[in-house]
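Reviewing the structure listed below.
A, B, ... follow the sequence lines: proteins, then strands. Residue 1 opens every chain. These values consider heavy atoms only, across backbone and side chains, with no hydrogens, waters or symmetry-generated copies. What you see is a predicted model, and the numbers here were worked out from it, not measured in a lab.
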Amino acid sequence: MIEIQLNGERTEFSNNFTIQELLTKLSIDKKKVAVELNGAVVPKQEYSFIKIANKDVVEIVTFIGGG
Amino acid sequence: MDQFKIGDRIFKSRLIVGTGKYNSLEETSDAINSSGADLVTVAVRRVNITNPNEPMLMDYIDPKKITYLPNTAGCYSSDDALRTLRLAKESGGWNLVKLEVLGDEKTLYPNMQETIKSAKILVKEGFEVMVYCSDDPIACKQLEEIGVVAVMPLGSLIGSGQGIPNKINIEIIKNQSKIPVIVDAGIGTASDAVIAMEIGCDGVLVNTAIAKAKNPILMAESMKNAVIAGRQCYLSGRMEKKNLASPSSPVKGKINS
(Lines give C-alpha, C1' and ligand atoms only; values in the text may rest on other atoms or scores of the structure.)
Protein backbone atom coordinates (compact mmCIF):
# COMPACT_ATOMS: atom_id res chain seq x y z
CA MET A 1 0.00 0.00 0.00
CA ILE A 2 1.31 3.48 -0.88
CA GLU A 3 -0.06 6.86 0.04
CA ILE A 4 0.52 9.89 -2.21
CA GLN A 5 -0.61 13.49 -2.28
CA LEU A 6 -2.55 13.77 -5.57
CA ASN A 7 -3.70 17.27 -6.55
CA GLY A 8 -3.76 18.24 -2.90
CA GLU A 9 -5.69 15.14 -1.72
CA ARG A 10 -4.24 12.23 0.23
CA THR A 11 -4.82 9.18 -1.97
CA GLU A 12 -4.05 5.52 -1.34
CA PHE A 13 -3.13 2.93 -3.96
CA SER A 14 -2.57 -0.77 -3.54
CA ASN A 15 0.81 -0.92 -5.32
CA ASN A 16 3.52 1.09 -7.05
CA PHE A 17 3.03 2.12 -10.67
CA THR A 18 4.32 4.54 -13.30
CA ILE A 19 2.93 7.97 -14.07
CA GLN A 20 1.52 6.61 -17.33
CA GLU A 21 -0.30 3.88 -15.39
CA LEU A 22 -1.69 6.47 -12.98
CA LEU A 23 -3.06 8.54 -15.89
CA THR A 24 -4.61 5.44 -17.46
CA LYS A 25 -6.17 4.48 -14.12
CA LEU A 26 -7.69 7.99 -13.89
CA SER A 27 -8.80 7.96 -17.58
CA ILE A 28 -6.75 11.07 -18.32
CA ASP A 29 -5.42 11.77 -21.82
CA LYS A 30 -1.75 12.65 -21.43
CA LYS A 31 -1.89 15.01 -24.41
CA LYS A 32 -4.13 17.35 -22.42
CA VAL A 33 -2.19 17.52 -19.15
CA ALA A 34 1.15 18.17 -17.51
CA VAL A 35 2.46 16.31 -14.47
CA GLU A 36 4.61 17.57 -11.65
CA LEU A 37 6.31 15.09 -9.31
CA ASN A 38 7.64 16.46 -6.01
CA GLY A 39 7.86 19.99 -7.43
CA ALA A 40 9.57 19.13 -10.74
CA VAL A 41 7.90 18.95 -14.14
CA VAL A 42 8.02 15.46 -15.67
CA PRO A 43 8.63 15.36 -19.45
CA LYS A 44 5.88 13.42 -21.25
CA GLN A 45 8.34 10.91 -22.74
CA GLU A 46 9.30 9.82 -19.22
CA TYR A 47 5.77 8.95 -18.04
CA SER A 48 6.22 5.24 -18.76
CA PHE A 49 9.57 5.03 -16.91
CA ILE A 50 9.03 7.03 -13.74
CA LYS A 51 7.47 5.15 -10.83
CA ILE A 52 5.43 6.84 -8.16
CA ALA A 53 6.60 6.03 -4.64
CA ASN A 54 5.10 6.29 -1.18
CA LYS A 55 4.74 9.93 0.08
CA ASP A 56 5.19 11.41 -3.41
CA VAL A 57 3.46 14.69 -4.20
CA VAL A 58 1.84 14.58 -7.63
CA GLU A 59 0.12 17.42 -9.45
CA ILE A 60 -1.80 16.87 -12.70
CA VAL A 61 -2.79 20.11 -14.42
CA THR A 62 -4.52 21.21 -17.58
CA PHE A 63 -5.56 24.41 -19.33
CA ILE A 64 -8.85 25.99 -18.32
CA GLY A 65 -10.54 29.28 -19.17
CA GLY A 66 -8.66 32.31 -17.87
CA GLY A 67 -7.87 35.96 -18.61
CA MET B 1 1.31 44.63 -45.33
CA ASP B 2 0.34 45.43 -41.74
CA GLN B 3 1.46 42.38 -39.78
CA PHE B 4 0.97 41.68 -36.09
CA LYS B 5 4.16 39.96 -35.05
CA ILE B 6 5.00 38.78 -31.54
CA GLY B 7 8.49 37.29 -31.39
CA ASP B 8 8.65 35.26 -34.60
CA ARG B 9 4.94 34.50 -34.72
CA ILE B 10 2.45 36.29 -36.92
CA PHE B 11 -1.16 36.61 -35.83
CA LYS B 12 -4.16 37.53 -37.97
CA SER B 13 -6.01 39.38 -35.24
CA ARG B 14 -4.77 42.21 -33.05
CA LEU B 15 -7.50 41.33 -30.58
CA ILE B 16 -6.37 38.80 -27.98
CA VAL B 17 -9.21 37.27 -26.01
CA GLY B 18 -9.28 35.80 -22.50
CA THR B 19 -11.22 32.57 -22.00
CA GLY B 20 -12.32 33.13 -18.38
CA LYS B 21 -15.70 34.01 -16.84
CA TYR B 22 -17.96 32.61 -19.58
CA ASN B 23 -21.18 30.74 -18.72
CA SER B 24 -20.10 27.59 -20.55
CA LEU B 25 -17.39 26.17 -22.77
CA GLU B 26 -19.79 26.40 -25.74
CA GLU B 27 -20.19 30.12 -25.12
CA THR B 28 -16.40 30.52 -24.79
CA SER B 29 -15.88 28.82 -28.12
CA ASP B 30 -18.64 30.81 -29.88
CA ALA B 31 -17.33 34.12 -28.52
CA ILE B 32 -13.79 33.36 -29.65
CA ASN B 33 -14.97 32.45 -33.14
CA SER B 34 -16.99 35.65 -33.28
CA SER B 35 -14.03 37.75 -32.08
CA GLY B 36 -11.74 36.47 -34.84
CA ALA B 37 -8.94 36.10 -32.26
CA ASP B 38 -6.22 33.56 -33.04
CA LEU B 39 -4.43 34.01 -29.71
CA VAL B 40 -6.30 33.32 -26.46
CA THR B 41 -5.16 33.35 -22.85
CA VAL B 42 -5.72 30.26 -20.72
CA ALA B 43 -5.08 29.42 -17.07
CA VAL B 44 -3.27 26.38 -15.66
CA ARG B 45 -5.21 24.49 -12.98
CA ARG B 46 -5.51 21.06 -11.38
CA VAL B 47 -7.39 18.40 -13.34
CA ASN B 48 -10.61 17.30 -11.64
CA ILE B 49 -9.47 13.85 -10.54
CA THR B 50 -12.90 12.81 -9.30
CA ASN B 51 -14.46 13.46 -12.70
CA PRO B 52 -11.89 13.03 -15.47
CA ASN B 53 -14.68 12.99 -18.05
CA GLU B 54 -15.52 16.61 -17.29
CA PRO B 55 -15.25 18.52 -20.58
CA MET B 56 -11.95 20.32 -21.06
CA LEU B 57 -11.19 23.60 -22.81
CA MET B 58 -9.16 21.71 -25.42
CA ASP B 59 -12.32 19.83 -26.46
CA TYR B 60 -13.88 23.15 -27.45
CA ILE B 61 -10.97 25.28 -28.62
CA ASP B 62 -8.50 23.47 -30.84
CA PRO B 63 -4.95 24.51 -29.86
CA LYS B 64 -3.83 23.64 -33.40
CA LYS B 65 -6.05 26.38 -34.82
CA ILE B 66 -6.01 28.94 -32.01
CA THR B 67 -2.75 29.61 -30.17
CA TYR B 68 -3.05 29.12 -26.41
CA LEU B 69 -1.29 31.74 -24.33
CA PRO B 70 -0.88 30.19 -20.87
CA ASN B 71 -0.96 32.79 -18.13
CA THR B 72 0.02 32.90 -14.49
CA ALA B 73 -3.20 34.52 -13.26
CA GLY B 74 -3.58 34.06 -9.54
CA CYS B 75 0.17 33.89 -8.88
CA TYR B 76 1.45 36.24 -6.20
CA SER B 77 5.12 35.21 -6.20
CA SER B 78 7.83 34.64 -8.76
CA ASP B 79 8.18 31.01 -7.65
CA ASP B 80 4.48 30.28 -8.26
CA ALA B 81 4.57 31.97 -11.67
CA LEU B 82 7.67 30.06 -12.77
CA ARG B 83 6.23 26.74 -11.60
CA THR B 84 2.98 27.40 -13.47
CA LEU B 85 4.67 28.32 -16.74
CA ARG B 86 7.08 25.38 -16.65
CA LEU B 87 4.05 23.10 -16.33
CA ALA B 88 2.27 24.98 -19.11
CA LYS B 89 5.25 24.49 -21.40
CA GLU B 90 5.22 20.74 -20.77
CA SER B 91 1.47 20.55 -21.22
CA GLY B 92 1.31 22.42 -24.48
CA GLY B 93 4.80 22.11 -25.79
CA TRP B 94 5.18 25.76 -26.72
CA ASN B 95 7.08 28.55 -25.10
CA LEU B 96 4.94 31.65 -25.71
CA VAL B 97 3.50 32.62 -22.33
CA LYS B 98 1.88 35.49 -20.48
CA LEU B 99 3.53 36.37 -17.20
CA GLU B 100 1.55 38.13 -14.52
CA VAL B 101 2.62 38.31 -10.91
CA LEU B 102 0.00 40.01 -8.80
CA GLY B 103 0.61 42.19 -5.79
CA ASP B 104 -2.73 42.40 -4.06
CA GLU B 105 -6.16 40.74 -4.23
CA LYS B 106 -8.18 43.94 -4.16
CA THR B 107 -6.48 45.62 -7.09
CA LEU B 108 -4.84 42.65 -8.86
CA TYR B 109 -2.17 45.22 -9.62
CA PRO B 110 1.10 43.72 -10.85
CA ASN B 111 3.98 43.35 -8.41
CA MET B 112 6.65 44.71 -10.73
CA GLN B 113 9.61 43.65 -8.58
CA GLU B 114 8.51 39.99 -8.69
CA THR B 115 7.44 40.34 -12.34
CA ILE B 116 10.85 41.59 -13.45
CA LYS B 117 12.60 38.89 -11.42
CA SER B 118 10.45 36.18 -13.07
CA ALA B 119 10.84 37.64 -16.56
CA LYS B 120 14.63 37.47 -16.32
CA ILE B 121 14.55 33.76 -15.40
CA LEU B 122 11.95 32.87 -18.05
CA VAL B 123 13.87 34.62 -20.84
CA LYS B 124 17.02 32.70 -19.79
CA GLU B 125 15.03 29.44 -19.91
CA GLY B 126 14.03 30.16 -23.50
CA PHE B 127 10.45 31.29 -22.94
CA GLU B 128 8.91 33.96 -25.16
CA VAL B 129 7.38 36.13 -22.49
CA MET B 130 4.52 38.58 -22.83
CA VAL B 131 4.23 40.57 -19.62
CA TYR B 132 1.25 42.05 -17.81
CA CYS B 133 2.68 45.17 -16.20
CA SER B 134 1.92 48.56 -14.74
CA ASP B 135 1.60 51.51 -17.15
CA ASP B 136 5.01 52.70 -15.96
CA PRO B 137 7.33 53.60 -18.86
CA ILE B 138 10.45 52.79 -16.82
CA ALA B 139 9.22 49.30 -15.86
CA CYS B 140 8.26 48.68 -19.51
CA LYS B 141 11.72 49.79 -20.65
CA GLN B 142 13.36 47.44 -18.12
CA LEU B 143 11.23 44.53 -19.37
CA GLU B 144 12.19 45.28 -22.97
CA GLU B 145 15.86 45.31 -22.01
CA ILE B 146 15.50 41.90 -20.33
CA GLY B 147 14.31 40.51 -23.68
CA VAL B 148 10.56 39.94 -23.29
CA VAL B 149 8.60 39.72 -26.57
CA ALA B 150 5.76 42.09 -25.61
CA VAL B 151 4.76 44.43 -22.80
CA MET B 152 1.12 44.47 -21.72
CA PRO B 153 0.46 47.53 -19.57
CA LEU B 154 -2.91 47.70 -17.85
CA GLY B 155 -5.45 50.26 -19.08
CA SER B 156 -7.08 50.04 -15.64
CA LEU B 157 -7.62 47.32 -13.04
CA ILE B 158 -8.39 43.75 -14.22
CA GLY B 159 -12.13 43.22 -14.63
CA SER B 160 -12.94 46.86 -13.74
CA GLY B 161 -14.10 47.97 -17.19
CA GLN B 162 -12.76 51.47 -16.47
CA GLY B 163 -11.06 51.84 -19.84
CA ILE B 164 -7.79 53.76 -20.18
CA PRO B 165 -7.89 56.71 -17.75
CA ASN B 166 -4.19 57.42 -18.27
CA LYS B 167 -3.79 57.12 -22.01
CA ILE B 168 -0.83 59.51 -21.94
CA ASN B 169 1.27 56.86 -20.18
CA ILE B 170 0.25 54.21 -22.70
CA GLU B 171 1.23 56.61 -25.48
CA ILE B 172 4.65 57.24 -23.90
CA ILE B 173 5.19 53.48 -23.58
CA LYS B 174 4.15 52.88 -27.18
CA ASN B 175 6.44 55.61 -28.50
CA GLN B 176 9.51 54.33 -26.64
CA SER B 177 9.04 50.59 -27.32
CA LYS B 178 10.50 48.50 -30.11
CA ILE B 179 8.49 45.44 -29.05
CA PRO B 180 4.68 45.16 -29.30
CA VAL B 181 2.65 47.08 -26.72
CA ILE B 182 -0.68 45.43 -25.92
CA VAL B 183 -3.19 47.05 -23.58
CA ASP B 184 -4.20 44.37 -21.10
CA ALA B 185 -6.95 44.82 -18.53
CA GLY B 186 -9.54 47.52 -18.06
CA ILE B 187 -11.15 47.53 -21.52
CA GLY B 188 -14.88 47.85 -20.80
CA THR B 189 -16.42 48.76 -24.11
CA ALA B 190 -15.61 49.06 -27.81
CA SER B 191 -14.49 52.71 -27.63
CA ASP B 192 -11.83 51.78 -25.04
CA ALA B 193 -10.34 49.31 -27.51
CA VAL B 194 -10.50 51.94 -30.27
CA ILE B 195 -8.62 54.45 -28.10
CA ALA B 196 -5.82 51.94 -27.42
CA MET B 197 -5.49 51.15 -31.11
CA GLU B 198 -5.68 54.82 -32.23
CA ILE B 199 -2.73 55.64 -29.97
CA GLY B 200 -0.83 53.06 -32.00
CA CYS B 201 -0.86 50.12 -29.60
CA ASP B 202 -0.16 46.85 -31.36
CA GLY B 203 -3.10 45.02 -29.84
CA VAL B 204 -5.52 44.73 -26.95
CA LEU B 205 -6.44 41.89 -24.64
CA VAL B 206 -10.10 41.66 -23.66
CA ASN B 207 -11.81 39.18 -21.38
CA THR B 208 -14.45 40.47 -18.95
CA ALA B 209 -15.88 43.06 -21.36
CA ILE B 210 -16.86 40.22 -23.69
CA ALA B 211 -17.63 37.46 -21.17
CA LYS B 212 -19.81 39.67 -18.96
CA ALA B 213 -21.70 41.47 -21.75
CA LYS B 214 -25.42 40.63 -21.98
CA ASN B 215 -24.64 39.10 -25.37
CA PRO B 216 -21.01 37.95 -25.33
CA ILE B 217 -21.03 36.65 -28.91
CA LEU B 218 -22.16 40.01 -30.31
CA MET B 219 -19.77 41.92 -28.03
CA ALA B 220 -16.91 39.75 -29.28
CA GLU B 221 -17.70 40.90 -32.82
CA SER B 222 -17.98 44.49 -31.64
CA MET B 223 -14.48 44.28 -30.11
CA LYS B 224 -13.15 42.75 -33.32
CA ASN B 225 -14.53 45.66 -35.33
CA ALA B 226 -13.30 48.20 -32.76
CA VAL B 227 -9.74 46.89 -32.96
CA ILE B 228 -9.82 46.94 -36.76
CA ALA B 229 -11.32 50.47 -36.82
CA GLY B 230 -8.76 51.79 -34.33
CA ARG B 231 -5.86 50.26 -36.23
CA GLN B 232 -7.07 51.61 -39.57
CA CYS B 233 -7.48 55.04 -37.99
CA TYR B 234 -3.94 54.94 -36.60
CA LEU B 235 -2.51 53.88 -39.96
CA SER B 236 -4.52 56.56 -41.81
CA GLY B 237 -3.15 59.41 -39.68
CA ARG B 238 -5.92 61.50 -38.22
CA MET B 239 -6.62 65.12 -39.19
CA GLU B 240 -5.15 67.96 -37.22
CA LYS B 241 -7.29 69.33 -34.39
CA LYS B 242 -8.34 72.99 -34.69
CA ASN B 243 -10.01 75.37 -32.27
CA LEU B 244 -12.35 76.93 -34.85
CA ALA B 245 -14.56 75.66 -37.64
CA SER B 246 -13.49 75.02 -41.19
CA PRO B 247 -16.38 74.60 -43.70
CA SER B 248 -16.64 71.27 -45.46
CA SER B 249 -18.32 72.71 -48.59
CA PRO B 250 -16.55 75.14 -50.94
CA VAL B 251 -17.29 78.83 -50.24
CA LYS B 252 -16.72 79.79 -53.91
CA GLY B 253 -19.83 79.66 -56.20
CA LYS B 254 -22.47 80.14 -53.52
CA ILE B 255 -25.74 81.37 -55.12
CA ASN B 256 -26.01 84.42 -52.88
CA SER B 257 -22.51 85.77 -53.62
### Message
Looking at Glu105(B), I want to see if its CD is surrounded by more than 12 non-hydrogen atoms of other residues, nucleotides or ligands under 6.0 Å.
### Response
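No, because the 6.0 Å sphere around CD of Glu105(B) holds 12 heavy atoms or fewer from other groups.
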Can you name the closest pair of heavy atoms from [X] and [Y] and give their distance?
{"X": "Ile64(A)", "Y": "Thr19(B)", "result": "O-OG1, 4.1 Å"}
{"X": "Leu57(B)", "Y": "Phe63(A)", "result": "CB-O, 3.7 Å"}
{"X": "Val42(A)", "Y": "Glu90(B)", "result": "O-CG, 3.5 Å"}

### Query
chain B heavy atoms under 4.5 Å from Glu36(A): which part of the residue, side chain, backbone, both or neither?
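It is both, since atoms from each part get that close.
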### Task
Examine whether an atom of Lys31(A) lies under 4.5 Å from a heavy atom of chain B, and if so say whether it belongs to the side chain, the backbone or both; otherwise answer neither.
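For Lys31(A), the contact with chain B is made by the backbone alone.
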Could you give the distance from [atom1] ([X]) to [atom2] ([Y]), rounded to the nearest 0.5 Å?
{"X": "Ile28(A)", "Y": "Asn48(B)", "atom1": "CD1", "atom2": "CG", "answer": "9.0 Å"}
{"X": "Arg46(B)", "Y": "Thr62(A)", "atom1": "CZ", "atom2": "OG1", "answer": "14.0 Å"}
{"X": "Met58(B)", "Y": "Lys32(A)", "atom1": "CE", "atom2": "NZ", "answer": "8.0 Å"}
{"X": "Lys44(A)", "Y": "Ser91(B)", "atom1": "NZ", "atom2": "OG", "answer": "5.0 Å"}

### Message
Using a 4.5 angstrom heavy-atom cutoff, name the option from Pro43(A), Ser27(A), Gly39(A) with the most pairs to chain B.
### Response
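The answer is Pro43(A).
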### Under 4.5 Å from any heavy atom of chain A - which part of Tyr132(B)
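The answer is neither part of Tyr132(B).
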### Per-residue contact mode, Lys21(B) against chain A (heavy atom under 4.5 angstrom)
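For Lys21(B), no heavy atom lies under 4.5 Å from chain A.
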### Message
Only pairs of heavy atoms separated by less than 4.5 Å count here; which of Ile16(B), Thr50(B), Asp59(B) has the most with chain A?
### Response
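Among Ile16(B), Thr50(B), Asp59(B), the one with the most close pairs to chain A is Asp59(B).
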### Task
Under 4.5 Å, counting heavy-atom pairs only, tell me which of Val44(B), Leu87(B), Val40(B), Ile61(B) racks up the most with chain A.
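Max contact count across the listed options: Leu87(B).
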### Message
Quick one: does any side-chain atom of Asn7(A) pair with a main-chain N or O of Val47(B) as donor and acceptor, under 3.5 Å?
### Response
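Present.
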